[in-house]
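What follows is a set of notes on a single structure, which appears directly below.
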There are 2 protein chains.
Amino acid sequence: MEATEHDKRKCPSHLSTGECNKQLLPVKDALDILSGKWKLQIILSLTFGKKRFRQIQREIPGLTPKMLSKELKELEINELAVRHVYDTLPVTIEYELTPYGRTLKPLIAELHKWGTKHRKRIIAGSRKKSG
Amino acid sequence: MEATEHDKRKCPSHLSTGECNKQLLPVKDALDILSGKWKLQIILSLTFGKKRFRQIQREIPGLTPKMLSKELKELEINELAVRHVYDTLPVTIEYELTPYGRTLKPLIAELHKWGTKHRKRIIAGSRKKSG
DNA sequence: CCGAATCCTACGCGATACTG
DNA sequence: CAGTATCGCGTAGGATTCGG
């Protein structure tokens, strides 16, 4: 036990404030990419190939153009997806996961693995949200 | 109570409806465990050992007792943490991660890994939320 | 110290309609 | 088709207060 530890109220006692945020923020970033009502489904939809706007929307019932538009923009900002504009008539637009976007796959797989075990353990009969 | 209406969802065309939700729901469950403003910090705080209510609260600035109480309950419901009541005077209460709760570590580590790379790639200079 | 109860705000998201 | 604009609701989360 160290004697220098008294005023670090922001983090677990053995971590400096800076250390703590360094641990925390990246995890939050990753979480932020995947959370929300539609992000995951949109990403998964795109893992199966290029898709057009309406095509994605049709595949995900309940998804409104407003939300789809918003989510696709965030995917672009984060370089997880690209927007292709083909100069046809009328113009054709397709969205595609970037190679970088595909690096999410192992992560999603991990979440799926843990989530599956968790379902077996807890959720199956008694849970409130995630419906 | 009745919440099983998700079976009518459509999915990427090559997946059956059932297949799709089987892929999706567990991931959402896992995400749900970790998302929210405080869950992660509380879990991390508890990875370093048993903690008392106020102790956790002091370690996480901005966290109100209401939220802490709520989050701890969810952790209990999901068997990720346990509440110990010691019959001292006044009563002493401690929270502790369960072994099961510690199975989140690799998952969080994965999120941290991906998130760190993502920070380097994108976020560092330009982002809107979570930072 | 460990919470519960109450009130309030901000924001994600849905519904609907409209534009190019 | 590929989006935008406007309105409104539900709920996560904040501030404050009270009780054991």
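Values below: every heavy atom of this structure, side chains too, minus hydrogens, waters and symmetry copies. In the text below, chain A, chain B and the rest are named by the order of the sequence lines, each starting its count at 1.
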>> Counting only side-chain nitrogens and oxygens, does R54(A) get under 4.0 Å of the OP1 or OP2 atom of dA2(D)?
In response: no
> Of all residues at least two apart in sequence or in a different chain, which pass the salt bridge (Lys or Arg N to Asp or Glu O under 4.0 Å) check with E79(A)?
Replying inline: R121(B)
> With P65(A), which residues qualify under side-chain contact (heavy atoms from CB on, under 4.5 Å), at least two apart?
Replying inline: F53(A), Q57(A)
> Using a cut-off of less than 4.0 Å, is there contact between a side-chain N or O of R52(A) and OP1 or OP2 of dA2(D)?
Replying inline: yes
>> Each nucleotide in nucleotides 13-20 of chain C should get exactly one letter: B, S or -. Can you fill that in based on protein heavy atoms under 4.0 Å?
In response: BBB-----
> Can you name the residues that form a side-chain hydrogen bond (donor to acceptor under 3.5 Å, both in side chains) with T103(A), not counting sequence neighbours?
Replying inline: W114(B)
>> K50(A): which residues meet the side-chain contact (heavy atoms from CB on, under 4.5 Å) condition with it, sequence neighbours left out?
In response: H84(A), Y86(A), E94(A), E96(A)
>> Filter on salt bridge (charged side-chain N to carboxylate O under 4.0 Å, His left out), then keep only pairs touching residues 109-118 of chain A, sequence neighbours left out; what's left?
In response: E110(A)-K113(A)
>> If you take any heavy atom closer than 4.0 Å to DNA chain D, which residues from residues 79-95 of chain B end up in contact?
In response: none
> Can you name the residues that form a side-chain hydrogen bond (donor to acceptor under 3.5 Å, both in side chains) with T92(A), not counting sequence neighbours?
Replying inline: T88(A)
>> Side-chain N or O of K73(B) versus OP1/OP2 of dA4(C): is the shortest distance under 4.0 Å?
In response: yes
> Rounded to whole angstrom units, what separation is found between the CD1 atom of I42(B) and the P atom of dC2(C)?
Replying inline: 14 Å
> Who pairs with W38(B) by ring pair (Phe, Tyr, Trp, His ring centres under 6.0 Å), at least two apart in sequence or on another chain?
Replying inline: none
